[in-house]
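Reviewing the structure listed below.
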Amino acid sequence: MTETTRGATDRRTEPNADAVSNPPESYACRVCGRAFPESRLLVLHRGVRHANALTDGEKEAYVEAYREEEAELHSFRIRALAVLVVLYFGVLFLYIGFAG
């Protein structure tokens with residue numbers, strides 16, 4: 001029986017048994033054994049926690065994943081700033097409208 005099949009069987013009999021701690025599709029770190037739901041998160045983990053144990057290919061994958069993560073964070077910051085500006089001016093205009 002495969003791990004995926006076993007996990008599905010366990011979840012049918014006990015819904016909260018291993019559904020959260022052992023997802024059926026996970027990527028485990030070969031150094032510490034920690035599991036991640038996405039390979040991108042595993043690459044970032046290895047680059048931060050186990051940088052001295054990386055091969056050249058893994059270092060390149062880490063740099064690429066790091067750059068993508070930075071781009072996503074930059075985009076998030078811009079969007080968060082835009083939302084704050086809209087909320088600020090929205091509240092300001094509401095205040096002017098009701099107070100005036």
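Atom set for the values below is all heavy atoms of this structure, side chains included, hydrogens, waters and symmetry mates excluded.
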Mind checking whether H50 and H45 have parallel, tilted or perpendicular rings, split at 30° and 60°? perpendicular
What's the separation between atom [atom1] in [X] and atom [atom2] in [Y], rounded to the nearest 0.5 Å?
{"X": "Y88", "Y": "F93", "atom1": "OH", "atom2": "CZ", "value": "10.0 Å"}
{"X": "E64", "Y": "L44", "atom1": "CD", "atom2": "CG", "value": "11.0 Å"}
{"X": "R46", "Y": "L42", "atom1": "CZ", "atom2": "CG", "value": "4.0 Å"}
{"X": "Y66", "Y": "L73", "atom1": "OH", "atom2": "CG", "value": "9.0 Å"}

Closest approach of A53 to V31 (non-hydrogen atoms, all atoms of both residues): CB-CG2, 4.4 Å
Quick one: do C32 and R49 satisfy side chain to side chain contact (heavy atoms under 4.5 Å, CB included)? Show the steps, please. CA-CA 9 Å; C32 65; R49 299 288 182 190; over 6 Å; no
Side chain proximity check, E38 to L41, heavy atoms < 4.5 angstrom: yes
Under the 4.5 Å side-chain heavy-atom rule for ILVMFWY, direct or indirect, which residues accompany L87? V83
Is R40 salt-bridged to E69, going by a charged N under 4.0 Å from an acidic O? yes
Tell me, which pairs form a side chain to side chain donor-acceptor pair (under 3.5 Å) where one or both residues lie in residues 28-37, sequence neighbours left out? R30-E58
Taking L81 as the starting point, is it possible to reach L92 by hopping between hydrophobic residues whose side chains are less than 4.5 Å apart? yes
Please test Y62 against V48 for side chain to side chain contact (heavy atoms under 4.5 Å, CB included), starting from the C-alpha separation and ending with a verdict. CA-CA 9 Å; Y62 168 69; V48 171; 3.8 Å; yes
Just to verify, what does R77 make a side chain to side chain donor-acceptor pair (under 3.5 Å) with, not counting sequence neighbours? none
